[in-house]
2 protein chains.
Amino acid sequence: MRTGIATLSVRGRLLDKLPAIAAAGFDGIEVFDNDLVACPAPPREVAARCADLGLAVDLFQPVRDAAGVAPEEFGRTLHRVRAKLAVAAELGAPVVLACSHVGDASVDDPDLLAEQLHALGEAASEHGITLAYEALAWGRHVHRVGQAWEAVQRAGHPAVTLAVDTFHMLARGDDGRALAGVPGDRIGFVQVADGPLLRMDLLEWSRHFRCFPGQGVLDVAGVVAASLEAGYRGPVSLEVFSDVVREADPFLTARDGYRSLVFLEDQLASRLRDPAAAAVTAQPPAPTRTDLAFVELANPDGSPEPAALLESLGFVRSGEHRSKPVSMWRNGDACVVLNDTRGGSRWHALGVVTPEVATVAARAKALLWPAVDRTRGAGEARLPGITSPSGVHVFVSAAAGAEDDWRGDFVPAADVPHAGWSGLDHVGIAVPAERLNEEVGFLRTVFDLQPAPVEEFWEPQGRLRSRALRPAHGDTRLVINVEDVRSRQPREGITQVAFGCEDLLAQVRLLRGRGVRLMAVPDNYYVDLAARFDLPEETVAELREHGVLYDRAGDGELLHVYTDVLATGFYVELLERRGGYDGYGSANTHVRLAAQPASS
Amino acid sequence: MRTGIATLSVRGRLLDKLPAIAAAGFDGIEVFDNDLVACPAPPREVAARCADLGLAVDLFQPVRDAAGVAPEEFGRTLHRVRAKLAVAAELGAPVVLACSHVGDASVDDPDLLAEQLHALGEAASEHGITLAYEALAWGRHVHRVGQAWEAVQRAGHPAVTLAVDTFHMLARGDDGRALAGVPGDRIGFVQVADGPLLRMDLLEWSRHFRCFPGQGVLDVAGVVAASLEAGYRGPVSLEVFSDVVREADPFLTARDGYRSLVFLEDQLASRLRDPAAAAVTAQPPAPTRTDLAFVELANPDGSPEPAALLESLGFVRSGEHRSKPVSMWRNGDACVVLNDTRGGSRWHALGVVTPEVATVAARAKALLWPAVDRTRGAGEARLPGITSPSGVHVFVSAAAGAEDDWRGDFVPAADVPHAGWSGLDHVGIAVPAERLNEEVGFLRTVFDLQPAPVEEFWEPQGRLRSRALRPAHGDTRLVINVEDVRSRQPREGITQVAFGCEDLLAQVRLLRGRGVRLMAVPDNYYVDLAARFDLPEETVAELREHGVLYDRAGDGELLHVYTDVLATGFYVELLERRGGYDGYGSANTHVRLAAQPASS
């Protein structure tokens, strides 16, 4: 599949963007008119720079308000388009994007539109250029792809083709089916962008919140698949602009963009009848299931605190790594790894279990995610690590007893009594606001985790936005958090580790008996609880006595407690799910945010 | 007028907010339920703290989804409301806010709604409390104030009253007229908030973009005036939450909020038939006209650069201040003041002329804006200065020849030949994103400047948002800019000084002759210009030769040039307006942003 990106998808001046785009591996670019107008180099020189970098100029864009104007105005329009066609010719762009008219001067007359498109096509063909006509979602009269295709057919000129844009189509509620009956050789260009689910004006949404395929919620692959099935073989080109992209490093943006097309191609491979015919290559598949295995505590200074902390939480040092200063700790079925490697990483890490260790590592590599640099002793588990965009290392292990089971690397040190903890329930990872899309994209594209909608909380010093992710199969639950706080540095990496248990009240008594300080819950909370739920008085009294938070959804109930933020930089949550409760107790988040001293 | 503010309008924990609110001068507060639930102090202690600080608890809010539920559910609702009424009683709140139902469980049955409201009113009256029923703009069945009033009347209980909320009413398109026929003693509470003009989902708009009265575009005063005319005499209370407020210093937020109520009261004074009856006090009026007079260059290090710069731009040192190391410079009718006071302010300042110097100073003081601390020699102009939220000093002078004319403070030093510069055209001020509302509010409330909509530009390293302001009378044009750029520290203060002239091409020749470097305009720009406008070839050639930017709107034309960013921290624009051109050449802004080296 031929890959491209619009220059306005990358920050900077035109001539500075080109090396970033080339370095990422794209085949070609769309030159955005405003970028060129503000560029000191004439079009021929821009074309030469592109050629030197191995980039084709696939499109020049856009000609705005291209057709559908009053006849007496069309002379001006033609003058304008001719001037832009001459520029496109100097750039060596074979296609010029013409957008549907967005102004009040637009005339609602299909015959007039067709006639004018024909004339524009004639002007384009003089340069050997093709026009691709695009329905902008906020076009005045033409705003759906079906209308644009109708206009292209009526224009009846070989140099007038249809532009397919996933964002404009999907934003208007169309999908790949809207391209039924459009021959592939009548599609002049395909532009791709994704978007999150937001309820706002289409233009605002488009300008500020587009994202790369795989980061949003739109079925980008469906539209591209329809284009390829129809026989389209031209570039699939990213046109993504957003507040994030405007401010991010251009080399990072270009790499993210390229990665999103690799992912798109992988999705297409399973949707196309004949992927090879469209030169679409599949990547190694995502795991069939993903379970949480362990959290690894980084202790590069060799501090005694983490071990003491684990002991106070009831963890027993249950194994020693065969070749490294790394120990395994267990409390029932809950596992924590303590990494005492001096001078090692300061980032806590995460271990997951999948049946397809090698495949997942290969998939991550194909998607350009950096592998963790680690040494592996003879006979030890493969345990490949991948670095997430926010810097968290995710290690991939096989299941218990398999060759690549991480537990095999540890020499048992002590028996672990059954203690009522049932394993890692979920892990919270804090990322900077501008990395949210990327982090979600990582978990989604490598592990096929599905993100839930963004939840938002107000905390005393700002705002917290959370997005939970889970796989179709497996017990992995991750929560990505963005802290919008001006008064202090936002935290990064693993900030929350939640364990499940069978009898929370009993565990709370054990923890308090070992001197663990749990987050104090205000008395007012229990007054509110009694108002919100018809709980027996003695139940409320018991929750209050133990300082336990409570939530209910349907028949499910959640009981949970938090520690304060610990010396390790995260806090521990202990929770008991009853009757299939499936959430995270977010009704209580505002209480935690106000009560947890270290969060201020 | 009794003033109040909701605790959720201020950042922090409940007990930390109270001192900030009290310090700003408010009479009372609305206690937000979530703030209380997360607070370690029981309600009676919160009430005692408020009493110590001289704050009344005027409202407890909100009871959500209060009425309009299925009959079999109402027992639960009543249980919940009773519990909250008990809390309100402990807080000493005379009114509890009950919001219209937003959920799918809401039943569309006016009789049922009235019956349930009646029952809730009966429960409230047992505590001597009044319910104020509010139509949330996104209520499921009740979302307009007229519907809420209908429900209150049908409920027919003295303890069930109407809550008036300016934001919810105005967001739905209602204004003060919607309160026609509502007796003042049936209005239980009035909440006020403003909002900018945004096209987005109402709930998102409300959560993230509310602002204080005077900062947005809603006719808040009209709704409050209608309430007061009806006889309402209770608190007028701010309920403003936004991303800005969530992150700002609570003392600043509370002061901004209180100021907005002083401004609201001033607006009300001119709208009410009998302001005294409603205890509404007018402030000294805004000026009848405001003209731009001068820019003052701060030169606290005594650098020779600013003087050399002014000379190169054609300015002549035309006067010396009678008592300070300050000189006046002129180029035709354009004035610049150079302040060489060692160790003085590093901020450039602005001088404006109004007919009402003393009144404007008194108005600024009444609105709590800080005065500039300055010394004044005997016989010198009053020239009061006011500090804007972003730190720019605005000095207020009388017109030429009047007693408080700033020019009277200077001894003429040289004759100024007429040089074709016609004065200050506009001044650009950069402010941090979180100060935009405040800076606009300052210029609007003190000088009655009217803000235009926000314009947005993409620059190579991020985004630029601009908002122009002008008075109804006078030549003042200010442009407030917000730079959203992650790669460098955003600039602050006066960053652009634009002068007008009569013959730009002649002036450009003069400037170049004096060695002034003007911003280089790319050749591609003129190719685009020829495409966009039907300009004669020789006109385009002349513009290109002089490196002049061009814009057209209707019959008006703009010609303009920029210097690079100068040692003074700003750049100079020179422009010629023809045929009534009234804008700022924003079609060319993207070229400036890409071409001006120091902006990167």
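Because the structure is predicted, anything quoted here is derived from the model rather than measured.
Using a 4.5 Å cut-off between heavy atoms, B:Val521 does not touch chain A at all. With a threshold of 4.5 angstrom between heavy atoms, B:Ala530 approaches chain A through N, CA, C or O but not through any side-chain atom. Using a 4.5 Å cut-off between heavy atoms, B:Asn588 does not touch chain A at all.
For A:Asp534, the salt bridge (charged side-chain N to carboxylate O under 4.0 Å, His left out) partners two or more places apart in sequence, or in a different chain, are A:Arg552. Legend: residues meeting salt bridge (charged side-chain N to carboxylate O under 4.0 Å, His left out) with A:Lys17, ordered by chain and number and at least two apart, are A:Asp35.
Listed for the A:Arg13 side chain is a donor-acceptor partner under 3.5 Å among the backbone atoms of B:Ala594. Checked by atom type and distance alone, the side chain of A:Arg76 pairs as donor or acceptor with a backbone atom of B:Arg532 at under 3.5 Å.
For A:Val87 against B:Val527, the heavy-atom pair with the smallest separation is CG2-CG1, 3.8 Å. In plain terms, the two heavy atoms of A:Asn524 and B:Leu36 that are nearest each other are ND2-O, 2.9 Å.
Residues A:Asn34 and B:Trp458 fail the side-chain proximity criterion, which asks for heavy atoms closer than 4.5 Å.
Interface check for chain A: of the options B:Lys84, B:His590, B:Arg80, the most heavy-atom pairs under 4.5 Å are formed by B:His590. When each of B:Pro43, B:Ala520, B:Ala83, B:Ala38 is checked for heavy-atom pairs under 4.5 Å with chain A, B:Ala38 comes out on top.
Within 6.0 Å of atom CD in A:Glu537, 12 or fewer heavy atoms from other residues, nucleotides or ligands are found, so the atom counts as exposed in its surroundings.
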